[in-house]
Amino acid sequence: MSYPYQIKSLEQYHADYKRSVDDPAAFWSAIAEHFTWKKKWETTLNWNFTEPRVEWFKGAKLNITENCLDRHLEKSGDMPAMIWEPNDPDEHHRILTYRRLYEKVCQFSHVLKNNGVKKGDRVCIYMGMIPELAVAVLACARVGAIHSVVFGGFSAQSIADRLYDAQAEFIVTCDGAYRGQKDIPLKSVIDDALIGNRIVKRVIVATRTRTPVSMIKGRDVWWEEEINKVETMGLHDFPAEEMDADDPLFILYTSGSTGKPKGVVHTCAGYMLFTNYTFVNVFQYEPGDIFFCTADIGWITGHSYIIYGPLSAGATSLMFEGVPTYPDASRFWKIIDKFKVNILYTAPTAIRSLMGFGLGPVHGHDLSSLKVLGTVGEPINEEAWHWYDEHIGKKRCPIVDTWWQTETGGILISNIAGITPSKPSYATLPMPGVQPILVDESGKEIEGNSVSGNLCIKAPWPSTIKTTYGDHERCRTNYFATYPNLYFTGDGALRDENGFYRITGRVDDVLNVSGHRIGTAEVENAINMHASVVESAVVGYPHDIKGQGIYAFVIYQGSHAQNTHGTADLIRKDIHQTVTRIIGAIAKPDKIQFVSGLPKTRSGKIMRRILRKIAEGETENLGDTSTLLDPGVVEEIKNGKL
Ligand code: PRX
C-alpha cells in the first residue's frame with residue numbers, strides 16, 4: 001500500500017497547505033477517495049462554529065474497521081498489524097498479523113453481540129496494555145458501539161463517574177494489569193466502581209495476571225469462555241455495522257477547568273481520515289516500517305497513533321505493556337533493538353526521566369533502525385530535545401514535535417519528518433487543513449510574526465471535536481464561546497519570525513503532569529473531600545521530570561497541621577490517600593503546604609496568579625495584592641513555601 005497523499009517535499013507541503021485552505025472540501029474529498037466506503041458522501045463539509053456544528057462527509061456510510069482491517073487482508077494479510085511486547089522481558093512477545101487481528105476482532109464482535117451489545121451502546125473499557133485491549137476497541141467499532149476507554153490509573157470513583165455520565169451498560173476489563181513492578185487489580189477496582197450502579201448489565205473479564213477475582217453471577221463473564229463459544233461455532237467473520245459518517249465512534253474523558261471531566265466525542269469518518277493522514281505524513285511512514293508509540297491506549301495518543309492511524313494505513317504498530325524504567329532504564333532501547341523499530345513516538349516526560357539515568361542504559365543497543373523520532377503531550381525543553389536528537393537519533397533522525405489535544409483527535413501543528421524544518425521546542429507549522437491564529441484576551445487577532453497570544457483555530461479540520469457526551473452546550477461554552485467563531489484550544493503560543501508556532505502551555509486551570517491532563521478544580525475537589533480539609537487551592541509549578549508538578553495549598557481544620565490528628569506528614573499521607581481514591585494516583589499533589597488562609601479578592605475569588613508565582617519560587621513580583629481581602633496571608637504563604 002502506498003499513500004498518494006503523502007507529502008514528499010517542502011514545495012508540496014506549501015502547495016497542499018494552500019489547496020487545503022482555499023478549498024477544504026475539495027482537498028479532503030480527494031483524500032477520502034482512498035478509503036473504503038459503504039456509500040459515498042453527499043456533501044463534504046457543512047459547518048458553523050456558533051452552534052457548534054461540524055459535519056464532514058454527510059450522507060456517507062462506512063465502518064472504520066473495514067478500513068483498519070478488511071481492506072488490508074488481500075495484500076497484507078500476513079503482515080504484522082501489531083507487535084506486542086509484554087511488561088516482563090522474559091515473557092514471549094506476540095505478533096498479530098492483519099488476518100489474525102481481523103479474526104480476533106470479528107470473534108470478539110460476536111462476543112459483544114452475544115452479550116447484548118448493539119449499535120450506539122456505550123462500552124467502558126478498563127484494561128491494561130494487552131492486545132485484547134486493541135481487539136476490544138476495534139470490536140466495539142465493528143458492531144457500532146461507542147467505546148469509552150478509561151486509563152488503568154484511574155480510581156473506582158473516577159470510573160463510576162464516567163460510567164454514569166456515559167450511561168454505559170457494558171464493561172470490558174481484565175483480572176489485573178502489569179505495569180513495571182506493579183500488579184494492578186483492575187477487576188476489583190471495577191467491582192468497587194459498580195457498587196450501587198444499576199445500569200451496567202455485563203462485565204467481560206480477560207485473563208492476564210491470574211489475580212483472584214470475584215465473578216458475579218449473571219453479570220460477569222470470562223473473555224476466554226465467551227470466545228470459546230464463538231470458536232466452537234466456527235465463526236471467524238463478522239459483518240461490519242453500517243455507520244453514518246458522523247455516528248459517534250468513541251467517548252474519551254478529559255479534564256478541563258471545571259471539576260468534572262468532559263466526555264469528548266469523535267465520530268467515524270472525519271476522525272478516520274485525519275488520524276490516517278497525519279500518521280502517514282507527520283511520521284513519513286513507509287510500508288513495512290515498525291512504528292512504536294509508547295502512549296497508553298487510555299489516552300488519545302494511543303487511540304489515534306497506536307490503533308486507528310497506523311491500522312487504517314496498513315502499518316505495523318508496536319504496543320508495549322510496561323513502563324520505560326522496568327526492569328531498568330534501557331527498556332525502550334532494548335525494544336527498539338529487538339524489533340528494529342523505525343519510528344519512535346514518546347512524551348518529553350519519558351525522555352527527561354530516561355536522561356536522568358545517563359548514557360549507560362543507552363549504550364550497547366543498536367538504534368540504527370530509527371529513522372524518525374516524535375514527541376507529544378507537553379512542551380519539550382531544549383535540553384531534552386538535544387539529548388533525544390544526539391543520543392537516540394544520533395543526529396540522523398528528524399524529531400517531530402506534535403501539538404494536538406484529545407479534542408482535536410489528531411496532530412494539528414507539527415513539522416513533517418525530514419520535509420519541513422524542525423526547531424527545538426517548536427511544533428512549527430500547521431498540518432494541511434489546519435488554520436491556527438493567535439488572539440489577545442479580547443479575541444482580536446494578533447497578526448504578523450514574532451508575537452504571542454492565545455491559540456485558536458479558525459476553521460474545522462476533519463477530526464474536530466463533535467460534542468461533549470450528553471451535554472452539547474458544554475462543548476459550545478468550553479471551546480467555541482470564548483472567542484466568537486473560533487475553536488479555543490486553552491493553550492498559549494508564540495509565533496516566531498518564520499511563522500513557526502511554539503506552544504507555551506495552558507492558559508486555563510488545567511495542569512499537564514507527565515503529559516497527563518489534570519484539572520486543578522478536580523484535584524481541589526478531591527482534597528476537599530478529606531474530612532478535615534476546610535479549603536484548598538491547587539496550582540502547577542515547574543518540575544524537572546514531570547514538566548509540571550502539583551502544588552496544593554491546604555487549610556486544615558484547626559488551621560494548622562500540628563493538630564490532634566497527627567503531624568504534617570501524616571496528614572499529607574491522608575490527603576494523598578484521599579486523592580488516590582477520588583481520582584487516582586496520577587493526581588497526587590507533589591507538594592502540600594498547610595496555610596491558615598488563601599489569598600482571596602473581596603468577592604471571594606482565589607487569586608491563583610499569586611499562588612502560582614509563589615509555587616514557582618517567585619517572591620518579589622507578585623503583582624497587585626491591594627485588592628485582597630487579607631493581604632497579610634500572602635506573607636505567611638511566602639514564608640511557608642516548600
Ligand atoms: O497543552 C497542550 C499539551 O497537551 C494538551 C492536550 O492534552 P491531551 O488532550 O491530554 O492530549 C495530549 C496528547 C495529544 C494541549 O492543550 N500539548 C500536547 N502536545 C504538545 C503540548 N504542548 C506542547 N507541545 C506539544 N507538542
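Read the numbers this way: they start at 1 and go in the same order the structure lists the ligands and their atoms. Hydrogens, waters and symmetry mates play no part in the numbers below; they use all other heavy atoms, side chains included.
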Are Thr520 and Asp509 close enough that a side-chain donor and a side-chain acceptor fall under 3.5 Å? no
A cation-pi test, strictly: NZ or CZ of Lys262 under 6.0 Å from the centre of the six-membered ring of Tyr469 and no more than 45 degrees from its axis. Yes or no? no
May I ask you to list the atoms of ligand 1 that are less than 4.0 angstrom from any heavy atom of Val376? 13 (C), 14 (C)
Assess Arg495 against Phe500: is NZ or CZ under 6.0 Å from the centre of the six-membered ring, and within 45 degrees of the ring's axis? no
Looking only at protein heavy atoms, which one is nearest to atom 13 (C) of ligand 1, and what is the separation? Thr301 OG1, 3.4 Å
One residue to check: Thr402. Relative to ligand 1, which of side chain, backbone, both or neither has a non-hydrogen atom less than 4.0 Å away? backbone
For ligand 1, which atoms sit closer than 4.0 Å to a heavy atom of Ile503? 22 (N), 23 (C)
Heavy atoms only: which of Glu407, Arg506, Glu378, Arg502 is nearest to atom 21 (C) of ligand 1? Glu378
Tell me the protein heavy atom at minimum distance from atom 12 (C) of ligand 1, and give that distance in Å. Gly377 CA, 4.1 Å
Students should be able to answer this: which protein heavy-atom is nearest to atom 15 (C) of ligand 1, and at what distance? Asp491 OD2, 3.1 Å
For ligand 1, is Gly490 a contact, meaning one of its heavy atoms is under 4.0 Å away? no
Name the orientation class of the two ring planes belonging to Tyr277 and Phe27 (parallel below 30°, tilted from 30 to 60°, perpendicular beyond 60°). perpendicular
Before signing off on this row, confirm whether Thr254 and ligand 1 have an N or O atom pair separated by under 3.5 Å. no
Only one of Ile413, Thr489, Thr301 forms a side chain to side chain contact (heavy atoms under 4.5 Å, CB included) with Trp404, so which one is it? Thr301
Taking the six-membered ring for Trp, are His147 and Tyr308 parallel (under 30°), tilted (30 to 60°) or perpendicular (over 60°)? parallel
I want to know if ligand 1 touches Thr406 in the polar sense, i.e. an N/O pair below 3.5 angstrom. yes
Are more than 12 heavy atoms from other residues, nucleotides or ligands located less than 6.0 Å from atom CZ of Arg612? yes
Should Arg502 and Glu497 count as an ion pair when the cut-off is N to O under 4.0 Å? no
Is the centre of the Phe151 ring less than 6.0 Å from the centre of the His516 ring? yes
Quick one: which ligand 1 atoms are inside 4.0 Å of a heavy atom on Asn512? 3 (C), 4 (O)
With a heavy-atom distance limit of 4.0 Å, tell me whether Gln405 approaches ligand 1 through its side chain, its backbone, both, or neither. both
Identity and distance of the protein heavy atom lying nearest atom 7 (O) of ligand 1: Arg517 CD, 3.4 Å
Protein contact to atom 6 (C) of ligand 1 [nearest heavy atom, distance to 0.1 Å]: Trp404 O, 3.7 Å
